[in-house]
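Below: the structure, in structure tokens.
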Amino acid sequence: MKRGATLVSLVLTAALTACGSGSSGGHPKDSGGGPPKGGWPQPVNGQLTPQMCGLLTDDDYAKYGHERLPVISQKRVDNAPNAIDCLYTTNDELSLGLQPTAEAAKVQYAAGLKDHKERLAEDHRPTVLATNVVQGADESWFDYWTLGTADSQFKEYEISVRRGSLIVGIVLSGLKGKSEKDPRTVLTGLAGLVLQRIPNVGRTDTGKTHKAEFAVAGAGRARQIVFNDPTSGETTTLKNVKLPWHVEKPLIYTGQAQVMLNLSATSSSPLAAIGCNISVDGETVVQEQPKVGGFANCMRSFTPPK
């Protein structure tokens, strides 16, 4: 993830741009609100491409009074299954991610919002969080930029939008134009343009949501069961659980090389036989057969399916 630009770099970049040293990064202009020659870039064989950075133009930003400065990078995200990132000077950014199913994207979107809230709380930063701010989206939120700083003179904002299996993220730099509209208006307008220009992307599932099942075998009750969510990494502890027991959780690939699958169970009696099993899409990953002793533990590092 990128870091916020310093005041010095902001001022120098603005000065250079004023002198004509900047460029639009080769993006086609959207004069009159129409698409560029050849139309708006779309996925190729279901894959997002760096060309889709052109879904937002310098003119789009200018209509809201914001000057987008030169491009830094436009690329596919290496550690994500189907995502691109478009980064511009002073932290303007557009990102697109496509999951195989709307269910998977919903889980990823929720995890992103949870992470955002936790980061702001940990840093004791203010929030202006607003949800459901973009028409035509299933979910959306707007707030200060997650990676910003509380005392920055140039406050950045961001928006995250989900439509079906598509997630769109836009960061707005804190370098404001003289006639720039308020950040929420700018970001909701830009996000709406992206959705309009790729009207079919994300509306239809292209794969399946992988599932991890955690199961405990035995009779009677377990005094305690502890397992971790394979996508969020959060640990859940259950007490006084009737056996046999099982729960299914989505296993969402977001670029991680490995996930840790972990399940432990303690029976109500040390003489009771208890066992555990973790499977992914019906295939056992790790198993401990029931045995007397009152405790079972299943743990395995696993490469998530794409």
Side-chain angles (χ1 to χ4, degrees), residues 27 30 33-36 39-57 60-61 63-64 68 74-77 80-87 92-117 128-146 157-172 183-210 231-232 250-255 306:
H27 289 311
D30 184 26
W40 297 111
Q42 304 293 314
V44 177
N45 297 323
Q47 294 294 304
L48 305 178
T49 71
Q51 287 70 33
M52 295 178 72
C53 291
L55 287 169
L56 290 179
T57 70
D60 293 325
Y61 283 81
K63 289 172 185 176
Y64 292 97
R68 187 175 67 175
Q74 301 173 338
K75 63 181 182 179
R76 288 183 57 85
V77 180
N82 192 1
I84 62 168
D85 186 71
C86 320
L87 177 60
D92 282 321
E93 182 181 18
L94 167 65
S95 62
L96 301 174
L98 193 60
Q99 285 284 350
T101 67
E103 180 187 8
K106 188 174 183 178
V107 172
Q108 184 180 1
Y109 173 91
L113 178 55
K114 181 176 181 295
D115 176 70
H116 169 76
K117 291 178 177 178
V128 290
L129 181 66
T131 58
N132 299 320
V133 293
V134 178
Q135 276 192 323
D138 294 314
E139 302 177 277
S140 58
W141 62 263
F142 160 85
D143 203 354
Y144 290 114
W145 182 40
T146 306
Y157 295 81
E158 70 174 304
I159 197 167
S160 181
V161 180
R162 182 184 72 83
R163 183 183 67 196
S165 58
L166 172 70
I167 297 178
V168 179
I170 307 175
V171 174
L172 185 69
R184 176 168 165 173
T185 297
V186 177
L187 286 173
T188 55
L190 293 174
L193 286 176
V194 173
L195 295 183
Q196 291 170 25
R197 291 168 180 177
I198 47 174
N200 299 317
V201 177
R203 293 190 181 278
T204 304
D205 289 352
T206 58
K208 70 175 184 178
T209 303
H210 300 285
T231 299
S232 69
L251 178 56
I252 310 303
Y253 179 71
T254 57
K306 297 182 181 181

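Note that the coordinates shown come from a computational prediction; the quantities given were computed from them, not determined experimentally.
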With sequence neighbours excluded, tell me which residues meet ring-ring contact (aromatic ring centres under 6.0 Å, His included) with Tyr144.
Tyr157
Mind checking side chain to side chain donor-acceptor pair (under 3.5 Å) for Thr131 and listing every partner two or more places apart, or none if nothing turns up?
none
Minimum-distance pair of heavy atoms, taken over all atoms of Asp85 and Cys53
O-SG, 4.2 Å
For the residue pair Arg203 and Pro199, what are the closest heavy atoms and their distance?
NE-O, 2.6 Å
Of all heavy-atom pairs between Val128 and Asp143, which one has the smallest distance, and what is that distance?
N-OD1, 2.7 Å
Output for pair (Leu113 CG, Ser160 OG), nearest 0.5 Å, gives 8.0 Å
Applying ring-ring contact (aromatic ring centres under 6.0 Å, His included), name anything that partners His116, two or more places apart in sequence or on another chain.
Trp141
Could you measure the distance from the NZ atom of Lys63 to the CG atom of Leu190? Nearest 0.5 Å is fine.
10.5 Å
As a quick check of understanding, evaluate side chain to side chain contact (heavy atoms under 4.5 Å, CB included) for Tyr61 and Leu56, giving each step before the final call.
CA-CA 8 Å; Tyr61 283 81; Leu56 290 179; 3.9 Å; yes
Taking every heavy atom of Thr204 against every heavy atom of Ser165, the minimum-distance pair comes out as O-OG, 4.3 Å
Ala137: which residues meet the side-chain contact (heavy atoms from CB on, under 4.5 Å) condition with it, sequence neighbours left out?
Val134, Val161, Leu195
By salt bridge (charged side-chain N to carboxylate O under 4.0 Å, His left out), Asp115 pairs with (sequence neighbours left out) Arg119
Does any pair with a residue in residues 159-169 pass salt bridge (Lys or Arg N to Asp or Glu O under 4.0 Å), and if so which ones, sequence neighbours excluded?
Asp138-Arg162, Glu139-Arg162
Go through the steps for Glu158 and Ile170 under the test side chain to side chain contact (heavy atoms under 4.5 Å, CB included), then give the verdict.
CA-CA 6 Å; Glu158 70 174 304; Ile170 307 175; over 6 Å; no
Going by the rule side-chain contact (heavy atoms from CB on, under 4.5 Å), which residues pair with Thr206 if we only count those two or more places apart in sequence or in a different chain?
Pro100
As an exercise, state the distance from CD1 of Ile198 to CG of Leu96, rounded to the nearest 0.5 Å.
5.5 Å
Given side chains that start at C-beta, do those of Leu172 and Asp92 come closer than 4.5 Å, heavy atoms only?
yes
Quick one: list whatever passes side-chain contact (heavy atoms from CB on, under 4.5 Å) with Thr209, sequence neighbours left out.
Thr101, Glu103, Ala104, Lys211, Pro250, Ile252
What is the distance from atom OG1 of Thr146 to atom NZ of Lys117, rounded to the nearest 0.5 Å?
12.0 Å
Output, in order, the C-alpha distance, side-chain angles, deciding distance and verdict of side chain to side chain contact (heavy atoms under 4.5 Å, CB included) for Gln99 and Asn82.
CA-CA 7 Å; Gln99 285 284 350; Asn82 192 1; over 6 Å; no
Test your reading of the model: is there a side-chain donor-acceptor pair from Asp60 to the backbone of Leu193, 3.5 Å cut-off?
no
Where do Val168 and Leu94 land on the side chain to side chain contact (heavy atoms under 4.5 Å, CB included) test, with the steps shown first?
CA-CA 8 Å; Val168 179; Leu94 167 65; 4.1 Å; yes
What pairs with Lys75 under side chain to side chain donor-acceptor pair (under 3.5 Å), at least two apart in sequence or on another chain?
none
Which residues pass the salt bridge (charged side-chain N to carboxylate O under 4.0 Å, His left out) test with Lys208, not counting sequence neighbours?
Asp281
Just jot down the side-chain contact (heavy atoms from CB on, under 4.5 Å) partners of Ala130, sequence neighbours excluded, or say none.
Val133, Arg184
Between CD of Gln135 and OG of Ser140, what distance do you get to the nearest 0.5 Å?
10.5 Å
Would you please name every residue forming a side chain to side chain donor-acceptor pair (under 3.5 Å) with Arg76, sequence neighbours left out?
Gln47
May I ask you to test the Tyr64-Thr185 pair for a side-chain heavy-atom distance under 4.5 Å?
yes
For residues Leu48 and Pro43, report the shortest heavy-atom separation together with the two atoms involved.
CD2-CG, 4.0 Å
Write down the atom of Val201, the atom of Leu166, and the distance for their closest heavy-atom approach.
O-CD2, 3.9 Å
How long is the gap from CD1 on Ile167 to OH on Tyr109, to the nearest 0.5 Å?
8.5 Å
